[in-house]
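Just so you know, these numbers use all the heavy atoms, side chains as well, and skip hydrogens, waters and symmetry mates.
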Amino acid sequence: MTEAPAERAAYDPHAVQDRWLPVWDRLDLYRAGRHQGAPKKYVLDMFPYPSGDLHMGHAEAYGLCDVLARYWMRRGFDVMHPIGWDSFGLPAENAAIKRDEHPATYTYANIETQAASFRRYAISFDWSRRLHTSDPEYYRWTQWLFLRFRERGLAYRKSSAVNWCPKDQTVLANEQVVQGACERCGTQVTKRELTQWFFKVTDYADRLLDDMEQLRDTWPPRVLKMQENWIGRSQGAHVDFSVGRTDEEGTVGDTTVTVFTTRPDTLYGATFFVVAADAPLALELCAPDRRAALEAYRDEVRKLSDIDRQATDREKTGVDLGVTALNPVTGEQIPVYAADYVLADYGTGAIMAVPAHDQRDLDFARAFGLPVRVVVDTGGEDPGATGVATAGDGVLVNSGPYDGLAKDEAIAKVVADLESRGGGKGAINYRLRDWLLSRQRFWGAPIPIVHCDACGEVAVPDDQLPVELPDLRGAALKPAGTSPLGAAEDWVATTCPSCGGAATRDTDTMDTFVDSSWYFLRFCSPGYTEGPFDPEAVRAWMPVAQYVGGVEHAILHLLYARFFTKVLHDMGMLDVVEPFAALMNQGQVINGGQAMSKSKPESMVDLGDQLATFGVDAVRLTMVFAGPPEDDIDWADVSPSGSVKYLARVARLAEDVAQLAPSDRRDEAVDRAVARSVDEVTRLVEAQRLNVAVARLMELTNALRKATDLPEPGVASLRDGVEALAVMLGCFVPYTAEEVWSRLGHDVEAGESVHDTAWPHADPALLVLESVTCVVQVQGKVRDRLEVAPGISEDELRALALASDGVVKALDGREVRIVVVRAPKLVNVVPA
RNA sequence: GCGCGCGUGGCGGAACAGGCAGACGCGCCAGGUUUAGGUCCUGGUACCCGAGAGGGUGUGGGGGUUCGACUCCCCCCGCGCGCACCA
């Protein structure tokens, strides 16, 4: 290179951070609405829960999302990129018990810690929209929404067997039970019979399923699949069986028991009938002489954990109830059993068993010596002999009037016949259950209902919202199986809004997933006091253009938020039916092949330590460059020190270019390289291929370095090139980019921030290539390369290729059979 | 068990839409600067044969389609994820 500058500003990442952070605060660069009139884009990360400080996972997710937000800002969009906290929840409550303080103390202290970290981590948040779900100004509207849902019949109270976490001492939604254990603490979940509040998500099952078509190209396919499976729509029929009821004196009459089946075509093969052992129905139907046996069996079943019970390779067990059911099409009386392989809360809790064509029924039939009757000839071997049920397509046999029909025809005909004769009808069944939203914990939004002896359940009037939490702390919050709010007697005792008499408040609080089901709407108008959100603001911003978060919310949060959006749409408060137009699931940050967890201290990588060692930009760059955003990052495999080296290289390049003697000299090769980089990086960021975009920026850096070291550098081109590099890098490494920008002579303090500068434009004229390398193959193997004009004709290229040294040598005198020409990039010669 | 996804150098990963496999980086090797080391700069780095020129092989394995396959199709192996007695 030319003379090394005697004094070159060193690159100290921490000094650079300290220099620009206060300047940026003053410039207020990221407020939504700064670009009035520009098209809007709402970019959102799943908001954090305030447990301690930010960790590596936050750094990745928010870092990725920040690249996109900054890019759209640079492209001239009016971007809203807000931040808030999902600040109700159990950890704060548990910490408060341990420390004998109020949960708010822990919560708001952590929020301040995280906010300071986010600021230093240079995320382009619009801080003016900050919200916390535990603020009364927020949960007032959570309560308001609950009441509106209730008015529409979508929030209701019922008694049922619900999931209970013995450790957290609260009920859980189905979505919060993972393989029989509490999603939060991992404790085995048990069942309790309780009266609880539910949201009627099942009313929206079809729309939640069907509207996923709108998300088909913009959401990760596996998330859509998981939601689809969770909703679990299956098409079939309800069929009525008449079961004889008996008491000590004998038969006393018939009870109609409906079953759900997806295979009404196999009705002739139903040789027995099973009800869920733990359903009340089993007791109702049981003959008196079988009652003792049933009770004993029920006790046994109750002792099994959900995990044991769900093991699919278990021996089938059950009890004969001593009664029979009438098959409505065959007129046959078939025995009725109670068994635990039939689930009480799916379908109707009772099934018709067709052992020939259902493996579970077959296993049961073989265990109890029950007949197996083939009614669909699938071409498979006899299930009675092989023990393998034949579930596939086939032709009906042993089925009276339906013999000879194909499976699908038979399904349609059986359903039609049942409907015309009575005894059944076509039906759709869902796996999805209603959302249990009551929690027996303190740190959540109180359910705004008053219980009055005279008037029953009464809504708290809107003008009395919010129902604020009483001041409980420390030991008073200890879980005792009922809500801690019950202990606040002064708070519980109230007057009935309807009759004015003495009444009590509902002491449960809402699942925190209720809070997070509408926060993205509140961000559009965070200070609004006339409702949960300003309809005009929401109309302007929704839907969220890009949502970023972990795949662990594939069902819980995302399903609930979609449900809320649809209900609010039906209430006329929202235009959109889907809240998140596009979704990105970032991968996890792991270490040495294992997930970081507090129980494995050796696996933990502390974000604060990493930032102290390498600086913010190097950590951000390492995360983005490590691989595709959706892949996991193994911190043991990546090199933050390599990122530091790269950033220092960029800073030196800027310094060297800034110190070149001013000149108008241009370098066409540099101009072309810059244009190509801008073009490629633009496309790569648009496609969210951020790791490759970084690779292209590194290539540009290398090219600019080389060109700077030439004896007669094209100073004007280099300055333009480094500026373009700085603007693009600004999305990834905000501090270093600003430092480079400043070294190039921009007065950042006066408002000329790189973060307020438009994304560079690639001159199309510079993208036109002067020549192209044409690969010449013989039989698919590269034998030569030719530099040709991009517009070369096929004939010309064919002639050139056939005459090339490599081809002549490889052909070795052989005749040419085919020549494939793909001008201007490739020729493939195939010899005879 | 059912469903989905993925297998590319020592490592993370590139390869637009079926057309130069290994971009970019880490690591490693050699040289230079400095020299105590590091930083920094230059070059090399899929594997095998060969001093070299060059040649051969190669994207988990096997087959197929094609002038041409990391890419498309079929079978197998391995890994990961989701659901899991859902009638």
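A cation-pi geometry, defined here as NZ or CZ lying under 6.0 Å from the six-membered ring centre and within 45° of its normal, holds between Lys316(A) and Tyr341(A).
Arg431(A) places its CZ atom 12 Å from the C1' atom of C85(B), with the value rounded to the nearest Å. Computed from coordinates, the Ile231(A) CD1 to A84(B) C1' distance equals 18 Å when rounded to whole Å. The distance between atom CG of Leu343(A) and atom P of A84(B), rounded to the nearest whole Å, is 11 Å. Separating the CD atom of Glu60(A) from the P atom of G12(B) is a distance of 16 Å, rounded to the nearest angstrom. Remark: P of C81(B) and CD1 of Ile590(A) are 10 Å apart, rounded to the nearest angstrom. In this structure, Glu552(A) atom CD and C83(B) atom P are separated by 13 Å, rounded to whole Å.
Counting heavy-atom neighbours within 6.0 Å of Arg222(A) CZ, excluding the residue itself, gives a total of 12 or less.
Taking the C1' atom of each, A87(B) and C77(B) are spaced 34 Å apart, rounded to whole Å.
Using a 4.0 Å cut-off, no side-chain N or O of Asn691(A) falls inside it from OP1 or OP2 of G25(B). Within the structure, every side-chain polar atom (N or O) of Asn229(A) is placed at least 4.0 Å from both OP1 and OP2 of G3(B). Residue Ser234(A) places at least one side-chain N or O closer than 4.0 Å to OP1 or OP2 of A87(B). Proximity of Lys781(A) to the phosphate of U57(B): a side-chain N or O atom is located under 4.0 Å from OP1 or OP2. The phosphate of C41(B) has OP1 or OP2 within less than 4.0 Å of a side-chain N or O from Arg652(A). Neither OP1 nor OP2 of C67(B) sits under 4.0 Å from any side-chain N or O of Arg822(A). Between Tyr341(A) and the phosphate of A87(B), there is no side-chain N or O to OP1/OP2 separation shorter than 4.0 Å. The side chain of Arg689(A) contributes no N or O atom lying less than 4.0 Å from OP1 or OP2 of A23(B). An OP1 or OP2 oxygen of C41(B) is reached within less than 4.0 angstrom by a side-chain nitrogen or oxygen of Arg649(A).
Counting only heavy atoms from C-beta outward, the side chains of Glu630(A) and Gln688(A) never approach each other to under 4.5 Å.
With hydrogens and angles ignored, no donor-acceptor pair under 3.5 angstrom links the side chain of Lys645(A) to the base of C40(B). Looking at Asn828(A), its side chain comes within 3.5 Å of the base of C67(B) through a donor and an acceptor atom.
Gln779(A) comes within contact range of no nucleotide atom at all, as no heavy-atom separation falls under 4.0 Å.
Panel note: side chain Asn585(A), backbone Gly549(A); a donor-acceptor pair is recorded below 3.5 Å. In this structure, His357(A) contributes its side chain and Val375(A) its backbone to a donor-acceptor pair below 3.5 Å.
Taking the syn range as angles within 90° of 0, the glycosidic angle of G9(B) is syn.
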